[in-house]
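Read the structure below first, then the notes.
We name chains A, B, ... by the order of the sequence lines, and we start the count at 1 in each one. These numbers come from the heavy atoms of this one structure, side chains and all, not from hydrogens, waters or symmetry mates.
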Number of protein chains: 2
Amino acid sequence: MPQTKPIVSIENVVASASVDQKIDLIEITKKFPDTEYHPEQFPGLVFRLKTPRTATLIFRTGKMVCTGAKSEDLAVKAVRTVVQKLRKGGIKIKKDAVIVVQNIVASINLGGKIHLEQAARTLPRSMYEPEQFPGLIHRMLDPKTVILLFASGKLVCTGAKKEPDVYRSVHNLHTLLEEKGLMIYDE
Amino acid sequence: MPQTKPIVSIENVVASASVDQKIDLIEITKKFPDTEYHPEQFPGLVFRLKTPRTATLIFRTGKMVCTGAKSEDLAVKAVRTVVQKLRKGGIKIKKDAVIVVQNIVASINLGGKIHLEQAARTLPRSMYEPEQFPGLIHRMLDPKTVILLFASGKLVCTGAKKEPDVYRSVHNLHTLLEEKGLMIYDE
DNA sequence: TGTATATATAAAGGGGCTTTTAAATGACCG
DNA sequence: CGGTCATTTAAAAGCCCCTTTATATATACA
């Protein structure tokens with residue numbers, strides 16, 4: 001059992017969606033002048049929402065990508081809101097969007113410092129090149145996620161498909177770090 | 001009517017084909033050690049034939065690209081020969097290939113010199129940058145082909161989908177050059 | 001305060017890769 | 001001095017990488 005209770009914060013949820021029909025992006029541009037669309041640079045139109053504060057990329061094919069939500073539910077609500085706004089703006093969309101959460105990013109504070117140099121030598125599937133990036137990159141197999149470890153005891157977990165995976169990943173790593181004596185707690 | 005009869009030679013025919021089924025390229029490699037397959041460099045396997053002298057790219061999807069044939073018929077024969085050899089080699093291919101000629105390259109000699117500098121200023125849709133490439137690049141609209149013109153009176157016609165397009169392109173250009181007084185014939 | 005470095009993830013469009021071929025011109029090598 | 005190499009054009013195939021969006025983390029660099 002880990003000595004501290006990690007503080008976990010979901011920072012970003014990415015979800016893909018599809019309304020299963022072609023969409024005229026130029027038309028959206030006219031109805032929503034605040035959207036960004038530069039096809040020569042990127043094929044997706046950027047539709048930003050204040051609440052939930054997100055950015056949704058809309059493609060010609062009717063597929064979308066929503067980023068920036070703080071939870072799985074908020075990501076779903078953001079997509080539903082975008083479709084609702086498009087419809088109110090006169091964009092004809094027959095079906096409701098089918099949404100799938102693709103990635104969850106979380107920041108964690110373990111409450112104690114990590115001996116990174118030693119962890120780099122001990123943890124399997126780890127990469128640590130401080131002159132390239134200050135964090136140690138660790139690939140967890142189950143759940144299949146990637147965790148960035150910092151000497152401060154803070155972590156970044158990414159790659160999770162559902163929120164429980166984040167908690168399991170953090171618990172697995174925390175336990176492993178303590179077992180190997182890689183955690184340094186102030187008294 | 002042009003004063004000379006151009007000498008036209010079909011130099012290269014490119015055709016795409018499909019046997020409409022997945023193919024195991026590694027298996028072909030084992031049965032045909034002389035083939036080239038470097039997936040990290042390019043996804044297609046190169047299958048060369050001595051007769052007709054061609055190189056056929058074979059993809060995992062069952063689609064192929066045959067290059068180097070000297071006529072449309074030879075391109076078709078080359079693909080049929082490749083499929084026949086694969087079958088004799090034990091590679092199971094159910095359907096016969098559906099072949100489509102995609103490009104024909106021909107070399108031409110008009111029999112007189114061309115005033116390139118003047119042609120560059122006279123011909124529409126032309127590009128001529130001698131320090132970059134010695135030929136003048138001219139885009140013909142009908143047939144939709146591209147012709148490279150050289151001061152020697154020789155040409156390269158590419159982009160044609162069928163042989164008659166090559167002859168029509170050459171005739172159109174030759175007539176145009178004579179009308180504008182851009183041809184220079186000896187005596 | 002910005003830039004970059006690194007992680008994951010979807011979307012779609014662009015570019016590059018390889019193969020073939022002629023033409024003519026320059027650079028480069030032994 | 002002669003070979004190679006590059007230059008340019010078209011075309012298909014499919015795979016890689018990049019583009020963009022968001023986000024925490026922490027370093028170095030202007």
* To do: For G44(A) and for Q132(A), locate the closest nucleotide of DNA chain C by heavy-atom distance; then report the residue assigned to the nucleotide nearer the 5' terminus.
  => Q132(A)
* Asked: With nearest nucleotides of DNA chain C determined for P134(A) and P43(A) from heavy-atom distances, which residue corresponds to the more 5′ nucleotide?
  -> P134(A)
List for me each residue that meets salt bridge (charged side-chain N to carboxylate O under 4.0 Å, His left out) alongside [X], sequence neighbours excluded, and say none if there are none.
{"X": "D20(A)", "value": "K95(A)"}
{"X": "K30(B)", "value": "none"}
{"X": "R53(B)", "value": "none"}

Taking any heavy-atom pair under 4.0 Å as a contact, classify [X]: base, sugar-phosphate, or nothing.
{"X": "L57(A)", "value": "base"}
{"X": "V146(B)", "value": "sugar-phosphate"}
{"X": "T54(B)", "value": "nothing"}

* **Note, V83(A) side chain near V19(A) side chain (heavy atom, < 4.5 Å)** => yes
Just list the side-chain donor-acceptor pairs under 3.5 Å for residues 119-126 of chain B, sequence neighbours left out, or say none.
unit_1, atom_1, unit_2, atom_2, d
R121(B), NE, E117(B), O, 3.4
T122(B), OG1, Q118(B), O, 2.8
R125(B), NE, R139(B), O, 2.9
S126(B), OG, L123(B), O, 3.3
S126(B), OG, P124(B), O, 3.3

* Asked: Under 3.5 Å, is there a donor-acceptor pair linking the side chains of E27(A) and T29(A)?
  -> no
* K144(B), NZ atom: more than 12 neighbouring heavy atoms under 6.0 Å -> no
Measure the distance from [atom1] on [X] to [atom2] on [N] and round it to the nearest whole Å.
{"X": "D165(A)", "N": "dA8(C)", "atom1": "CG", "atom2": "C1'", "value": "13 Å"}
{"X": "K162(A)", "N": "dT9(C)", "atom1": "NZ", "atom2": "P", "value": "14 Å"}
{"X": "K70(B)", "N": "dT19(C)", "atom1": "NZ", "atom2": "C1'", "value": "14 Å"}
{"X": "N103(B)", "N": "dT20(C)", "atom1": "CG", "atom2": "C1'", "value": "10 Å"}
{"X": "I104(A)", "N": "dA8(C)", "atom1": "CD1", "atom2": "P", "value": "16 Å"}
{"X": "F59(B)", "N": "dC17(C)", "atom1": "CZ", "atom2": "P", "value": "15 Å"}
{"X": "Q102(B)", "N": "dT18(C)", "atom1": "CD", "atom2": "P", "value": "21 Å"}

* To do: For F32(A), enumerate each residue passing the ring-ring contact (aromatic ring centres under 6.0 Å, His included) test, keeping only those at least two apart in sequence or located in another chain.
  => F47(A)
* Contacts of F150(B) that satisfy ring-ring contact (aromatic ring centres under 6.0 Å, His included) - sequence neighbours left out -> F133(B)
* Compare side-chain N and O positions of R139(A) against OP1 and OP2 of dA8(C) and report whether any pair is under 4.0 Å apart. => yes
* T145(A) side chain N/O closer than 4.0 Å to the phosphate oxygens (OP1, OP2) of dA8(C)? -> no
* Residue pairs involving residues 163-181 of chain A (criterion salt bridge (Lys or Arg N to Asp or Glu O under 4.0 Å); sequence neighbours excluded) -> D142(A)-R168(A), K162(A)-D165(A), D165(A)-R168(A)
* What pairs meet the salt bridge (Lys or Arg N to Asp or Glu O under 4.0 Å) rule with one or both residues in residues 74-92 of chain B, with sequence neighbours excluded? -> R87(B)-D96(B)
* **Nearest-nucleotide 5' precedence on DNA chain D, V105(B) against V156(A)** => V105(B)
* **Earlier contact from the 5' end, DNA chain D, for M64(B) and L148(A)** => M64(B)
* Going 5' to 3' along DNA chain D, which nucleotides are the first and last within contact of chain A (any atom under 4.0 Å from a heavy atom)? -> dT19(D) to dT27(D)
* Structure fact -> Computed from five pairs at either end and rounded to 10 degrees, the angle between the axes of the helix from dT1(C)-dA30(D) to dG30(C)-dC1(D) is 120°
* To do: Show which residues join L141(B) in its hydrophobic cluster (side-chain heavy-atom contacts under 4.5 Å, direct or indirect), or state none.
  => none
* Between the base of dA22(C) and the side chain of S107(B), is there a donor-acceptor distance below 3.5 Å? -> no
* Which residues, if any, of residues 6-42 of chain A bring a heavy atom under 4.0 Å of DNA chain D? -> E11(A), N12(A), V14(A), E36(A), Q41(A), F42(A)
